[in-house]
Amino acid sequence: MSEMTFDKQYFANCLAEMARLTEENRDYWTKLDSDIGDGDHGINLSIGFRAVTSNLQENLENAEDISSLLKKSGMVLLSKVGGASGPLYGSFFIKMGKDDAGKREVSFPEFAGMLKNGVEAVQLRGKAEVGDKTMIDALQPGMEYLDTHKNDDDPVKVMEETVSIMKQGAESTIPLVAKKGRAMRLGERAIGHKDPGSESSWMLLNVFLEEMKK
Ligand code: ADP
Ligand code: MG
C-alpha cells in the first residue's frame, strides 16, 4: 500500500492548474467544437475555470474539508457555464467528495474512489455510454482501470496508465457517429473528428497526475 496522501491544498493546486491549462487550450478545444458542435467548448470552460479561480483562495480557506472545496468549485462551474459541459463538469466536482465528508486528507485508493464518483455523476447526468462520442468515451475506460489498480504499489504509475487509457479513449471518438450532444445532429458528418469533451476531459484529469509528481 502506498503512503501518498492528498490534502485540500493539493486539490486547490489542481483547480488552479486546470484553469491555467484551460486558457492554454481554449482555442484548441473551441476549434474541435467548431468542427462538430457550435464552437464554444474552450470558451465555456474558460469562463467556468476563471470563475472557479477567482474564488479559489477564499474557498480554500473557508472549506472545512476536501469535499466542500470541490463542491463549491463544481457549483461555480455548474452555474457559470452555459453549455452542456458546465453541468457535466460541475457534477463531476460536486460528487467527487460525496463519500468523503469531513476528510482533510485522503489516501490514493480514496482519491481513486473520488474520481470514480465524479465520473459516475457525469454518466448519471448525461446518460451517455461508451461509444456515444462524448467525454464518457475517455472517462469511463480510465475509471475502470483505476478502480482495478487503486491498491497497486505505485500510484503515479497507476495514474499514468489511467491517463493514457483516457487519452486513447478520446482518440477512439474520431471514427464515431455521435449519439449524444450537439454533434448528434451531424450524423455521419461527425465521422473523422475528435469529440471536444473527450479531449478536454483527459487533459484536465491529467492535471491530477501532474500535481502528484510535484
Ligand atoms: P454545448 O454542446 O452545449 O455547446 P460544450 O461545447 O461546452 O457544450 O461541450 C460539448 C461536449 O460536452 C461534447 O464534446 C461532449 O463531450 C460533452 N457532452 C455533451 N452531451 C453529453 C452527454 N449527454 N454526456 C456526456 N457528455 C456530453
Ligand atoms: Mg459547444
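First listed ligand is number 1; within each ligand, the first listed atom is number 1.
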Discussion item. Students should be able to answer this: which protein heavy-atom is nearest to atom 1 (P) of ligand 1, and at what distance?
Written reply: Arg182 NE, 3.4 Å

Discussion item. I need the contact type for Thr134 against ligand 1. Using non-hydrogen atoms and a strict under-4.0 Å cut-off, is it side chain, backbone, both or neither?
Written reply: both

Discussion item. For Glu23 and Arg20: C-alpha separation, side-chain torsions, deciding distance, then whether salt bridge (Lys or Arg N to Asp or Glu O under 4.0 Å) applies.
Written reply: CA-CA 5 Å; Glu23 292 310 309; Arg20 199 199 57 74; over 6 Å; no

Practice prompt. Drop me the distance from Ser91's OG to Asn117's CG, to the nearest 0.5 angstrom.
Written response: 12.5 Å

Item to complete: Before giving the answer on salt bridge (Lys or Arg N to Asp or Glu O under 4.0 Å), spell out for Asp27 and Lys31 the whole-Å C-alpha distance, their side-chain angles and the decisive distance to 0.1 Å.
Response: CA-CA 6 Å; Asp27 294 347; Lys31 164 74 176 75; over 6 Å; no

Worksheet item: Can you check side chain to side chain contact (heavy atoms under 4.5 Å, CB included) on Leu204 and Thr22, steps first, answer last?
Response: CA-CA 8 Å; Leu204 287 166; Thr22 297; 3.8 Å; yes

Response to the item:
Ranked by distance from atom 23 (N) of ligand 1, the top protein heavy atom is Gly126 O, 2.8 Å

Discussion item. On a heavy-atom basis, I'd like to know which of Gly197, Ser200, Ala84 is closest to atom 11 (C) of ligand 1.
Written reply: Gly197

Fill in: Close-contact set for ligand 1 against Ser85 heavy atoms, below 4.0 Å
5 (P), 7 (O), 8 (O), 9 (O)

Worksheet item: Among all protein non-hydrogen atoms, which one is nearest to atom 10 (C) of ligand 1, and what is the separation to 0.1 Å?
Response: His41 ND1, 3.9 Å

Worksheet entry | Proximity to ligand 1 by part of Leu45, non-hydrogen separation under 4.0 Å | neither

Discussion item. Would you compute the distance between atom CG of Leu45 and atom CG of Leu77 and round it to the nearest 0.5 angstrom?
Written reply: 8.0 Å

Response to the item:
Closest to atom 18 (N) of ligand 1 among protein heavy atoms sits Leu88 CD1, 3.7 Å

Item to complete: Go through the side-chain N and O atoms of Asp40 and Asn44 and say whether any donor and acceptor fall under 3.5 Å apart.
Response: yes

Worksheet entry | Protein residue, atom and distance nearest to atom 20 (N) of ligand 1, heavy-atom basis | Gly181 CA, 3.6 Å

Worksheet entry | Per-residue contact class, Met135 against ligand 1 - non-hydrogen pairs under 4.0 Å | both

Worksheet item: Looking only at non-hydrogen atoms, which of Leu139, Asp40, Asp195 approaches atom 6 (O) of ligand 1 most closely?
Response: Asp40

Worksheet entry | Rounded to 10 degrees, the angle OD1 of Asp38 makes with OD1 of Asp40 at the Mg ion (ligand 2) | 90°

Practice prompt. Determine yes or no for a side-chain-to-main-chain donor-acceptor pair under 3.5 angstrom, with Tyr89 supplying the side chain and Ser201 the backbone.
Written response: yes

Worksheet entry | Reference residue Asp100; test salt bridge (Lys or Arg N to Asp or Glu O under 4.0 Å); the match among Arg104, Lys103, Lys98 | Lys103

